[in-house]
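Following: one structure in structure tokens, then a few remarks.
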Amino acid sequence: MSKIFDSRDTEYKSPFGAAVCGATVRFAVRPGDENVTGVTLLLRREFAGTEQEVALSPGDDGRWQGVYTAPEEPELVWYAFRFSYPEGQRLYGLHGFDDQARWQLTIYDDSRPTPAWFGRGITYQIFPDRFCRTRVPDPAGMVGDRVVHRDWDDTPVWRPDAQGIIRNNDFFGGSLAGITSRLDYLQSMGVGTLYLCPIFESDSNHRYDTADYRRIDPMLGTEEDFRTLCREAGCRGIRVMLDGVFNHTGSNSRYFNAQGFYPELGAAQSRESQYYNWYSFHPWPEDYDAWWGIKTLPAVQESADSYRRFIIRDGDSVVRHWLRQGASGWRLDVANELDDGFLRAFRTAVKAAKPDAVIVGEVWENAAHYLNGDMMDSAMNYDFRRYCRRFFAEETVDAETFDTNVSTLLLRYRENALFAQLNLLDSHDVSRYLSLCGENVDKMELSVLLQMTFPGMPCVFYGDEKGLCGLSESEYRQAMAWGKSHPLEDIYRRLISLRKAHPALRYG
């Protein structure tokens, strides 16, 4: 029996996947029912908020066909079909008849391509405190109540304190100099991009509660250490991408200053503070908007003019400053929670400072809204991880379902954004994939094989190649096992070499 419609088959929809602004998109369906008297293509533009109908015409081969002219500006179009019969009408959607879900058609601007270098190698994500240290640091005088593990092989603290709070204030002392000392190892692995979790001053070991955007955390080193890392990495063909947390700051920061650590007045101390309008109080100072209600992470009003100038627009803004120091791009934390206007202004500033710099967003679901050429170049592909986990690790879906799932990722994005997707199995926010595989190396190898051959940029979390495991945060953020030998290291090296040897695996 012939299929009615297949968005992955150019016999039914052409071109394959996304379409450029103004392009002609051809649709065809095979009703397979001689009682059908009409077929209408139903289109809904998400950004414009408009609906459109296109009548399809019958052909001699049993197909009803028609064309849709894409809008001249980036758009997300959601489409389905309406079949007419003598007795009435039926909707044919993503999952069959009478289904309200629609297929996605991304319309993109091809005048703003993704940087050509991104995607050539692999990306290696580092949690800086846990990667490599050159000495045991002294935390005296640093922001926060820090405790340093003398033993690199210690288990990170995971229990709440007496007040029931997980402080994340135990440090292992990984540093920028430590990363620099391991660049030869990373080069030998085939790494092309280093993605560093936040490196700016903060009172937590994860540093997602920024205390000072203009200062490297002193436990990690200095600005000169960062320039040295970027310079030495560049000599090995490796670029460095920073992690920007611009949706919120730390409460113990130069800007909020709830604990009074910094000499100038913060928003929590005075309404006269230059940072007061960065935050939303109701009333001041007891209550304020916070990221997911976590009071140590006061939310920032990204639309505040002084905040945008500081982060984006000033001549030596945060964005521009660190690109000039050697960074080749930014990964944006919780990018989907940032204002679209902020993201567009951010892109403008980044590309003005360094035209080939890359912008990657943390988006856990469909990121097409952000990848049409005016906001971000790429996104962390958590859907890829989710589909691999269900098929390879957990074996909860069959091959047909898995094929359908991963094929949607190929249809979702414009071509150069597709080949820049950060395809990950692990990150600092999820259980180690090897643990989800029950520590079955064969399952992990199959997953890595797909990761290294699937369109996009493979992203390896530090220690995956050393067989690091862990289901809880304290486990999956453990210190790098430098002295550990594991079969996965050879597997990663072989499969990364395979990817590097065949341009088709990098560019399609």
Side-chain angles (χ1 to χ4, degrees), residues 117-137 149 151-154 171-197 199 216 219-221 225-243 326-329 331 422-428 432-434 441 444-445 448-449 451-452 457-470 476-501 506:
W117 61 267
F118 193 67
R120 291 182 178 176
I122 67 161
T123 292
Y124 191 91
Q125 181 187 357
I126 289 176
F127 194 84
D129 183 59
R130 308 288 160 82
F131 186 67
C132 182
R133 71 184 180 192
T134 56
R135 60 181 178 82
V136 179
H149 293 267
D151 187 347
W152 183 254
D153 296 321
D154 276 355
F171 290 76
F172 282 74
S175 65
L176 297 179
I179 298 171
T180 302
S181 73
R182 298 290 181 171
L183 285 174
D184 287 343
Y185 166 82
L186 295 168
Q187 182 184 22
S188 75
M189 286 286 295
V191 172
T193 307
L194 284 182
Y195 152 30
L196 305 182
C197 289
I199 62 172
I216 303 291
M219 194 170 284
L220 287 174
D225 290 329
F226 177 70
R227 287 193 291 268
T228 298
L229 170 61
C230 293
R231 182 175 63 252
E232 291 299 316
C235 290
R236 294 164 175 82
I238 300 172
R239 304 207 187 205
V240 178
M241 180 169 65
L242 292 177
D243 203 335
S328 291
R331 178 264 190 188
L422 217 57
N423 296 333
L424 64 147
L425 296 175
D426 274 332
S427 79
H428 63 290
R432 290 277 181 172
Y433 193 86
L434 183 59
V441 174
M444 185 78 177
E445 182 174 8
V448 176
L449 174 60
Q451 183 188 29
M452 295 300 163
M457 164 77 101
C459 184
V460 178
F461 191 40
Y462 81 99
D464 278 350
E465 77 279 16
K466 295 288 188 179
L468 291 191
C469 292
Y476 59 71
R477 293 181 182 176
Q478 64 187 281
M480 178 68 166
W482 285 113
K484 183 178 181 180
S485 177
H486 196 278
L488 277 171
E489 184 166 343
D490 179 63
I491 289 170
Y492 269 100
R493 288 182 182 276
R494 284 191 293 106
L495 294 178
I496 292 170
S497 294
L498 175 70
R499 176 182 172 81
K500 293 183 71 175
R506 302 192 300 278

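By convention here, the first residue in the shown sequence is residue 1.
Counting only distance, with no hydrogens or angles, the side chain of Arg133 and the backbone of Gly173 share no donor-acceptor pair below 3.5 Å. Between the side chain of Arg506 and the main chain of Lys500, a donor-acceptor pair closer than 3.5 Å is present.
A cation-pi arrangement, defined by a distance under 6.0 Å to the six-membered ring centre and an angle within 45 degrees of its axis, is present between Arg182 and Trp482.
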Check: What's the verdict on side-chain contact (heavy atoms from CB on, under 4.5 Å) for Cys132 and Ser181, showing C-alpha distance, side-chain angles and the deciding distance?
Finding: CA-CA 8 Å; Cys132 182; Ser181 73; 3.8 Å; yes
Next item on the list: Evaluate the criterion salt bridge (Lys or Arg N to Asp or Glu O under 4.0 Å) for residue pair Arg494 and Glu445; output intermediate values, then yes/no.
Entry: CA-CA 11 Å; Arg494 284 191 293 106; Glu445 182 174 8; 3.4 Å; yes
Next item on the list: Would you please test Leu468 and Gln478 for side-chain contact (heavy atoms from CB on, under 4.5 Å) and show each step?
Entry: CA-CA 8 Å; Leu468 291 191; Gln478 64 187 281; 3.8 Å; yes
Check: Checking side-chain contact (heavy atoms from CB on, under 4.5 Å) for the pair Leu422/Thr123: CA distance, chi angles, key distance, verdict?
Finding: CA-CA 8 Å; Leu422 217 57; Thr123 292; 3.7 Å; yes
Note to self: Is there a side-chain contact (heavy atoms from CB on, under 4.5 Å) between Leu186 and Tyr124? Walk through the geometry before answering.
What the structure shows: CA-CA 8 Å; Leu186 295 168; Tyr124 191 91; 3.7 Å; yes
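Put simply, the side chain of Ser328 reaches to within 4.5 Å of the side chain of Trp117, judged on heavy atoms. Residues Leu424 and Val460 form no side-chain contact, since every pair of their non-hydrogen atoms from C-beta on lies 4.5 Å or further apart. With a 4.5 Å cut-off on side-chain heavy atoms, Leu194 and Ile179 count as touching. Considering only heavy atoms from C-beta on, Val240 comes within 4.5 Å of Phe226 through its side chain. Between Ile199 and Leu242, the closest side-chain pair of non-hydrogen atoms falls below 4.5 Å. Using a 4.5 Å heavy-atom threshold, the side chains of Leu425 and Phe461 count as separate. At a threshold of 4.5 Å between non-hydrogen side-chain atoms, the residues Leu488 and Asp464 do not count as touching. You'll find the side chain of Met189 reaches within 4.5 Å of the side chain of Glu465, heavy atoms only.
Side-chain contact of Arg331 with Tyr195: a donor-acceptor pair under 3.5 Å is present, judged by distance alone. Between the side chains of Ser188 and Arg493, a donor-acceptor pair is found at a separation under 3.5 Å.
Put simply, CG on Asp129 and CZ on Arg477 are 10.5 Å apart, with the number rounded to the nearest 0.5 Å. Interatomic distance, Arg227 CZ to Leu229 CG, rounded to the nearest 0.5 Å: 12.0 Å. Within the model, atoms CG of Leu449 and CD1 of Ile491 stand 10.5 Å from one another, a figure rounded to the nearest 0.5 Å. Taking CG from Leu176 and SG from Cys230, the interatomic distance works out to 8.5 Å, rounded to the nearest 0.5 Å. Considering CD of Glu232 and CG of Asp184, their distance stands at 9.0 Å, rounded to 0.5 Å. Considering OH of Tyr433 and OG of Ser427, their distance stands at 13.5 Å, rounded to 0.5 Å.
Relative orientation of the Phe172 and His149 rings is parallel, given thresholds of 30° and 60° on the angle between their planes.
Nearest heavy atom pair, residue Ile126 against residue Pro128, reads O-CD, 3.2 Å. Taking both residues in full, the closest heavy atoms of Gln451 and Cys459 are given as NE2-O, 3.0 Å, listed atom of the first, atom of the second, then distance. Counting all heavy atoms, side chain and backbone alike, Met480 lies closest to Phe131 at CB-O, 3.3 Å. Residues Pro458 and Gly121 share a closest heavy-atom pair of CD-O, 4.2 Å. Residues Gly174 and Leu220 come closest through the heavy atom pair O-CD2, 3.2 Å. Heavy atoms only, all atoms of each residue included: Ala233 and Leu183 are closest at N-CD1, 3.6 Å.
With sequence neighbours excluded, no residue forms a ring-ring contact (aromatic ring centres under 6.0 Å, His included) with Tyr462.
Other residues, nucleotides and ligands contribute over 12 non-hydrogen atoms within 6.0 Å of the NZ atom of Lys466.
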